[in-house]
Number of protein chains: 4
Amino acid sequence: MDSEQPTTARGSAPLRADARRNRDRIIAAAAQAFAVRGPDLPVEEIARAAGVGIGTVYRRFPDRDALIRAVAQETVRSAMAHARAAVIEEPTAWAALERFLRQSHEVRLAVRLVIDSPGARAAMEDDPEIYELRRVMLDVLDRIVHAAQAEGSLRADVGTGDVAAAFLLLVRPLIVPEADTAASALERCLGVLLDGLRASAATSLPGEALARTALEH
Amino acid sequence: MDSEQPTTARGSAPLRADARRNRDRIIAAAAQAFAVRGPDLPVEEIARAAGVGIGTVYRRFPDRDALIRAVAQETVRSAMAHARAAVIEEPTAWAALERFLRQSHEVRLAVRLVIDSPGARAAMEDDPEIYELRRVMLDVLDRIVHAAQAEGSLRADVGTGDVAAAFLLLVRPLIVPEADTAASALERCLGVLLDGLRASAATSLPGEALARTALEH
Amino acid sequence: MDSEQPTTARGSAPLRADARRNRDRIIAAAAQAFAVRGPDLPVEEIARAAGVGIGTVYRRFPDRDALIRAVAQETVRSAMAHARAAVIEEPTAWAALERFLRQSHEVRLAVRLVIDSPGARAAMEDDPEIYELRRVMLDVLDRIVHAAQAEGSLRADVGTGDVAAAFLLLVRPLIVPEADTAASALERCLGVLLDGLRASAATSLPGEALARTALEH
Amino acid sequence: MDSEQPTTARGSAPLRADARRNRDRIIAAAAQAFAVRGPDLPVEEIARAAGVGIGTVYRRFPDRDALIRAVAQETVRSAMAHARAAVIEEPTAWAALERFLRQSHEVRLAVRLVIDSPGARAAMEDDPEIYELRRVMLDVLDRIVHAAQAEGSLRADVGTGDVAAAFLLLVRPLIVPEADTAASALERCLGVLLDGLRASAATSLPGEALARTALEH
DNA sequence: AATGAATGAGCTTTCATTCAT
DNA sequence: GATGAATGAAAGCTCATTCAT
């Protein structure tokens with residue numbers, strides 16, 4: 001489910017081995033770099049981190065935004081895999097939800113870039129693949145939410161959009177003095193949020209439940 | 001509580017009335033502009049929005065970072081006022097906490113700039129006034145947290161640092177297709193978080209409670 | 001007829017004296033540079049030639065094309081003056097035509113850029129001022145052509161478009177080993193062309209007379 | 001007159017058949033591409049048009065300029081053939097001259113590249129083969145001019161250099177809104193020029209007749 | 001003191017050329 | 001020998017900052 005053919009294969013001939021290797025390296029370096037320094041760092045930095053010349057980056061990705069989109073796709077792709085695995089493997093919908101929300105660092109970047117990135121916003125405009133990914137992601141979450149409400153574990157007054165929004169809150173890097181602190185702080189905030197999402201904890205919320213459509217284009 | 005002396009008074013002579021007016025205008029325009037367009041907009045844009053020449057901006061603030069710091073100070077200053085008012089005016093500590101966390105709108109920019117801005121990070125380095133402000137903010141929150149735990153409304157297994165972290169989560173702008181959606185989504189997320197913070201909702205959280213010191217430098 | 005107010009005044013406030021001076025310098029340097037090295041030379045070269053920083057060029061002209069357009073306008077403007085003066089001052093329409101075709105070096109550049117530039121083509125697209133100038137230029141020529149045919153000096157089987165085309169032939173720099181040679185070769189070619197344009201020299205030409213409209217957008 | 005040895009044969013072994021085929025394809029594609037898109041298009045585009053890899057282009061031609069020179073040679077070579085044919089086949093020297101000047105289409109590119117290209121100028125520097133070709137071309141024209149003057153059809157006050165200059169005027173692409181217009185405008189301009197070159201049309205020209213030597217290096 | 005013009009470093013992108021496959 | 005990937009120098013453009021008016 002991971003080792004498919006050339007990742008962006010879209011009919012174009014599969015890349016030569018070295019090109020493929022470099023492409024992967026670039027995306028990995030970019031993902032890393034975006035995560036650490038935000039989406040505004042010089043492309044040259046990414047090139048250096050990937051150990052390639054800047055020209056190589058531009059041969060593979062027509063411009064900076066294309067690179068961002070590619071990173072987003074690559075990482076969301078794996079986020080999807082995780083999420084679907086969660087649905088299948090976990091015994092309860094609640095557990096799946098918990099796992100979904102606890103998504104890894106990699107997923108964090110993905111979502112940030114795809115759904116939520118302020119800086120990379122423009123990069124996503126009018127990119128059908130991105131829209132598609134967003135839809136797929138919300139689909140998965142939608143299923144989890146409904147199942148969890150059906151089993152009575154998730155409070156009934158939230159919609160898929162609400163949970164997605166909560167997810168978005170958690171997905172941003174929390175900038176605090178110590179990186180370790182950030183990690184555990186996020187873990188704990190997630191815990192609090194989950195406690196707040198339990199059916200048993202529910203007090204009233206303002207407004208209407210947010211449907212998934214609220215976060216689609 | 002508003003007409004104190006020139007904010008940056010550092011022993012330097014108080015500004016002439018018109019100079020002071022310009023300074024205020026610039027900060028206001030910058031705050032507005034940062035909120036709308038993010039922290040990356042050109043200084044010249046800020047000048048234009050403030051209705052002054054760019055030279056005037058630079059006469060008042062030695063460089064871009066100084067302006068960012070000033071905006072942060074100004075907004076945090078008012079955040080503090082609100083928070084203290086909350087403590088005094090609200091009948092219960094829980095209500096004060098709720099109000100504190102609900103500060104989102106105005107505080108949002110402040111906190112983003114002071115504690116959380118990745119881009120503006122460097123701007124804050126080694127600025128004693130900023131450290132001071134951060135400390136003050138945590139002080140206020142600390143008091144609220146302890147009081148709320150004392151009155152039994154806030155779960156006992158969270159520390160001031162945890163609440164501050166939760167606050168940080170809420171403080172970021174939520175980027176979704178519709179601006180209105182973002183606002184209500186944040187309101188609702190806050191509701192969920194508050195439900196999760198109630199003593200009654202508590203299940204166990206991973207790790208140790210985060211002390212306020214975890215978020216200080 | 002030359003020392004009017006700010007040349008591109010379009011409602012925007014008149015430039016400060018130094019800015020105006022630099023603007024003029026830049027246009028002059030650019031005209032010179034374009035004439036010598038074609039329209040593809042680095043903007044930085046122009047800046048250097050004008051004795052200003054590159055930023056100054058970009059402050060005045062949003063991009064390279066805007067600069068080309070400005071040069072074109074500036075020079076065509078003076079071409080117009082010359083042409084109108086020719087109409088008024090010369091005793092016969094033929095003399096005016098001769099003078100028009102004999103246009104100076106400066107005019108050469110102008111026309112090349114406005115009507116004929118292959119490289120700068122895109123720069124002119126959709127620029128209403130350029131269209132306007134082109135129209136005006138053809139207007140002037142149109143009047144001369146008709147008058148010359150009315151007086152019987154210009155052969156009757158050519159249209160304004162034909163004369164304009166001939167003009168275009170002459171307007172390009174003739175690249176030959178010696179610059180002096182180029183100048184006199186052009187003079188002599190013009191002489192031959194004029195001889196061919198006389199009513200008395202006419203043998204038949206292929207196709208229809210070219211109307212001025214053939215060269216308008 | 002076509003199947004001579006490899007053009008750049010310089011003592012190096014004749015190319016293998018497939019290599020030769022590639023070489024020809026590349027030159028043809030480059031000629032076409034230069035004609036259509038001007039001399040500034042990327043080498044890679046030429047490679048693509050030729051249906052070969054860019055590496056192959058560089059194996060055949062050490063650099064971009066070598067390719068330009070080769071294109072020039074190839075096209076001038078065929079221009080020469082035409083011109084010589086004109087001399088032989090046409091009944092009068094005037095007819096040969098007319099045909100020579102009308103060569104425009106195919107010759108256009110050649111001459112532009114060889115004698116006249118401002119951009120490709122450097123590419124020609126110090127290339128003995130190019131000098132040779134230029135000389136040959138002027139030789140042919142020289143013979144035509146003298147013959148035409150001997151038969152009394154061509155005005156006596158022009159030299160080979162003058163006619164060559166006129167040729168150069170016609171050889172450039174005429175940039176006008178419609179491509180068709182350009183073609184017929186050039187035809188008509190040629191007609192006018194020819195009328196001006198007739199002995200009968202002659203009025204006086206400025207300066208001295210231009211000898212062929214004026215256009216040699 | 002205020003203004004806005006000038007500056008130039010820095011980032012994005014292109015493309016001639018080299019080199020691994 | 002052919003291919004196309006990688007390279008990096010060069011050019012366009014932006015914007016923080018300085019300085020003349």
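So that the names make sense, note that chain A is the first sequence line, chain B the second, and so on, each numbered from 1. Owing to the predicted nature of the structure, the values given are computational and were not obtained by experimental measurement.
In this structure, C:R64 atom CZ and F:dC13 atom P are separated by 8 Å, rounded to whole Å. Protein atom CZ of D:R37 is 12 Å distant from nucleotide atom C1' of E:dC15, rounded to whole Å. The separation between A:I26 atom CD1 and F:dA5 atom P is 12 Å, rounded to whole Å. E:dC11 atom P lies 16 Å from atom CG of A:L67, rounded to whole Å. With rounding to whole Å, A:R25 atom CZ is found 13 Å from F:dA5 atom C1'.
The side chain of A:Y58 places an N or O atom within less than 4.0 Å of a non-bridging phosphate oxygen (OP1 or OP2) of E:dT13. Phosphate contact (OP1/OP2 of F:dA2, side-chain N/O of D:R60, threshold under 4.0 Å): present. The side chain of B:N22 places no N or O atom within less than 4.0 Å of a non-bridging phosphate oxygen (OP1 or OP2) of E:dA1. C:T56 has no side-chain polar atom (N or O) that falls below the 4.0 Å cut-off from OP1 or OP2 of E:dA5. Between A:R59 and F:dA5 there is a side-chain N or O to OP1 or OP2 distance below 4.0 Å.
Using a 4.0 Å cut-off on heavy atoms, the residues of residues 43-54 of chain A that approach DNA chain E are A:V43, A:I54, listed by number.
In this structure B:A35 satisfies the side-chain contact (heavy atoms from CB on, under 4.5 Å) test with no other residue, sequence neighbours excluded. Residues forming a salt bridge (charged side-chain N to carboxylate O under 4.0 Å, His left out) with D:D63 (at least two apart in sequence, or on another chain): none.
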Identify each donor-acceptor pair in which a side-chain atom of residues 47-58 of chain B lies under 3.5 Å from a protein atom, sequence neighbours left out, and give them as a table.
from	atom 1	to	atom 2	distance (Å)
B:R48	NH2	B:E45	OE1	3.3

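Among residues at least two apart or in separate chains, there is no salt bridge (charged side-chain N to carboxylate O under 4.0 Å, His left out) pair with a member in residues 50-59 of chain B.
If C:P62 and A:V57 are placed on DNA chain F by their nearest nucleotide, the residue sitting closer to the 5' end is A:V57.
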Secondary-structure notation, DNA chain E, from Watson-Crick and G-U pairs under 3.5 angstrom (| other strand): .||||||||||||||||||||
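Comment: C:R20 engages C:D24 in a salt bridge, judged by a side-chain N to carboxylate O separation of less than 4.0 angstrom.
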